[in-house]
Amino acid sequence: MLGSDAGVSDAGVAVREAGADDAVSGVKPRWVALPETVEEIAAVLRACAERDLAVVPAGGGTKLHWGPPPERCDVLLDMCCMNEILEHAAGDLVVRAQAGVTTDALAAALADKGQELALDVPFAEDTTVGGTLATATAGPRAFRYGTARDLLIGITVVLPDGTVARSGGKVVKNVAGYDLGKLFTGSYGTLGVIAEATFRLHPLPADRRWITAELDRDELPPIAAALAASQAEPSAAEVDWPDPGGPLTLAVLVEGTAAESRAEALRALVGKGSVTGAPPSWWGLISNDDVLVEVRFPGTGTKAVLEAVAGAGLSLRGSALSGRVLLESWGSIGEPELAAAVSGLRARVEAAGGRVTVLAAPYEGIDRWGQVAGLPLMRRVKEQFDPGRRMSPGRFVGGI
């Protein structure tokens with residue numbers, strides 16, 4: 001149960017004192033609670049509400065340093081024990097899992113039935129279902145299958161006062177009710193705790209092929225536009241550009257029937273490259289997220305984004321088709337240099353209809369979000385769900 005120092009003795013949940021490794025963006029909690037059921041999550045949140053303790057949910061910890069530091073963090077809610085796949089209705093192509101299930105464990109279980117959750121997470125280990133939803137992580141195949149928000153069809157959440165709420169259902173056609181799934185996906189734990197999630201699945205592709213080619217920067221925009229419109233239907237097209245002063249690598253994925261012939265058709269469209277049965281080693285992964293900047297943009301903005309990145313001094317990796325790339329810093333970059341790079345990126349990317357968000361940075365003075373048109377509405381939602389500002393306070397847009 002929660003330690004006596006917290007003044008909570010009736011939650012009935014395992015708790016330990018926090019250590020340095022439990023810090024959230026540098027803010028160390030006092031305790032770590034380890035619930036094993038939805039009811040135990042509710043008990044912890046009720047106990048914290050009674051004593052005005054701030055709570056930050058955590059999954060595998062891979063993205064715990066993303067976002068600004070919390071204003072306060074008394075209890076880290078570690079979801080590691082919420083790690084069961086509750087139901088796999090293979091005939092309905094639906095799975096329901098607890099939030100602490102790792103995506104690799106889920107993938108292995110689904111593969112045994114010839115199915116998959118078509119989300120590509122950016123870290124090879126420890127990424128959880130809950131963390132993927134809370135940060136709205138999108139991988140290469142979002143172009144074809146959609147994002148986590150699109151594949152989510154049901155969710156169980158625990159609100160800051162301990163109320164358990166459910167939305168959606170276990171079958172794809174059930175869309176009745178208030179859509180908590182869309183609201184909580186990407187909320188960074190600021191509205192409550194994601195406890196369980198139900199997803200729409202897809203059959204594992206019969207075959208996969210990757211086309212890999214080295215391109216000059218100016219070659220990419222027209223090729224990306226042609227790939228997006230191609231009848232060969234690529235599932236994804238990723239770009240790796242470690243040195244914006246040099247060439248970039250384009251990798252295109254083809255899945256399903258006749259993958260080999262479709263890949264050859266796309267290789268001809270690209271005009272160069274090779275076809276292989278395995279992805280490049282960097283495919284869909286984040287290598288260094290001490291500094292991580294996300295750029296989202298419409299298809300018409302590809303050229304402007306590449307030009308902006310070329311002058312920012314950051315490496316680029318991401319989707320040329322779904323309009324989402326991540327920028328990393330491979331060398332040491334100070335706060336003034338990063339602030340100038342982000343400001344320059346925003347000016348050019350926003351002019352092209354895009355957005356720039358700083359997902360991770362070691363500096364508190366960086367403007368992480370820029371101008372957010374929907375901020376007043378987001379503040380009202382926060383006030384409705386968490387009027388006491390106990391859930392991950394300050395971790396989201398506008399200090400929400």
Side-chain angles (χ1 to χ4, degrees), residues 16 18-26 32 34-36 56-67 76-86 88 95-113 115-142 145 147-148 151-152 185-186 188-189 193-197 199 201-202 204 208 210 236 238 240 242 251 253 278-292 294 315 317-319 324 326-330 359-360 362:
R16 61 174 174 81
D21 292 342
D22 299 311
V24 181
S25 292
V32 177
L34 299 101
E36 298 183 16
V56 175
T62 56
K63 298 174 286 294
L64 205 54
H65 63 291
W66 289 18
L76 185 74
L77 196 70
D78 190 337
M79 301 291 284
C80 65
C81 299
M82 296 281 291
N83 57 10
E84 293 185 19
I85 299 173
L86 301 170
H88 179 200
V95 70
R96 182 166 64 97
Q98 292 181 321
V101 172
T102 61
T103 54
D104 54 351
L106 181 60
L110 297 177
D112 286 342
K113 300 295 185 181
Q115 298 178 352
E116 68 169 344
L117 175 59
L119 291 177
D120 310 298
V121 296
F123 301 104
E125 298 177 347
D126 298 327
T127 300
T128 63
V129 165
T132 298
L133 289 173
T135 56
T137 309
R141 291 184 297 166
Y145 298 105
T147 64
L151 295 172
L152 182 71
T185 302
Y188 278 75
V193 179
I194 298 170
E196 299 173 3
F199 293 100
L201 304 176
H202 289 84
L204 278 172
R208 287 188 173 113
W210 280 265
E238 289 284 288
D240 185 43
L253 169 63
S281 60
W282 50 266
W283 177 266
L285 298 179
I286 292 173
S287 300
N288 179 4
D289 63 343
D290 292 339
V291 169
L292 191 67
E294 180 187 64
S315 63
R317 183 175 293 169
S319 175
R324 178 184 182 269
L326 296 173
L327 312 181
E328 304 177 16
S329 175
W330 283 100
L359 298 180

What closest approach, in Å, do [X] and [Y] show between heavy atoms, and which atom pair accounts for it?
X: G189; Y: P57; answer: O-CD, 4.1 Å
X: A148; Y: L133; answer: CB-CD2, 3.8 Å
X: P140; Y: A236; answer: O-CB, 3.2 Å
X: A197; Y: L152; answer: CB-CD1, 3.7 Å
X: C81; Y: P35; answer: CB-O, 3.5 Å

Which value, rounded to the nearest 0.5 Å, describes the distance between [X] atom [atom1] and [Y] atom [atom2]?
X: L106; Y: L201; atom1: CG; atom2: CG; result: 7.5 Å
X: T62; Y: D289; atom1: OG1; atom2: CG; result: 8.0 Å
X: I194; Y: T185; atom1: CD1; atom2: OG1; result: 5.5 Å
X: R16; Y: L34; atom1: CZ; atom2: CG; result: 6.0 Å
X: L110; Y: E116; atom1: CG; atom2: CD; result: 8.5 Å
X: D21; Y: L64; atom1: CG; atom2: CG; result: 11.0 Å

Is there a donor-acceptor contact under 3.5 Å from the side chain of [X] to the main chain of [Y]?
X: S25; Y: G67; value: yes
X: E328; Y: N288; value: yes
X: Q98; Y: N83; value: yes

Sole candidate of D126, L117, T127, L119 that passes side chain to side chain contact (heavy atoms under 4.5 Å, CB included) when paired with T103 = T127
ask   = Mind checking what makes side-chain contact (heavy atoms from CB on, under 4.5 Å) contact with A360, not counting sequence neighbours?
value =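 If we apply the side-chain contact (heavy atoms from CB on, under 4.5 Å) test to A360, skipping adjacent residues, the hits are H65, W66, L292.
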key: Audit row: M79, T128, side chain to side chain contact (heavy atoms under 4.5 Å, CB included) steps and yes/no   = CA-CA 9 Å; M79 301 291 284; T128 63; over 6 Å; no
request  = Give the intermediate values and the outcome of salt bridge (charged side-chain N to carboxylate O under 4.0 Å, His left out) for residues E294 and R324.
outcome  = CA-CA 7 Å; E294 180 187 64; R324 178 184 182 269; 2.6 Å; yes
Side-chain contact test, heavy atoms from C-beta onward, threshold under 4.5 Å: evaluate it for [X] versus [Y] and give yes or no.
X: S287; Y: W282; value: no
X: L359; Y: L326; value: yes
X: T137; Y: K63; value: yes
X: F123; Y: L285; value: no
X: Y145; Y: D120; value: no
X: E238; Y: P280; value: no

inquiry  = Would you say CG of D112 has more than 12 non-hydrogen atoms from neighbouring residues, nucleotides or ligands within 6.0 angstrom?
reply    = yes
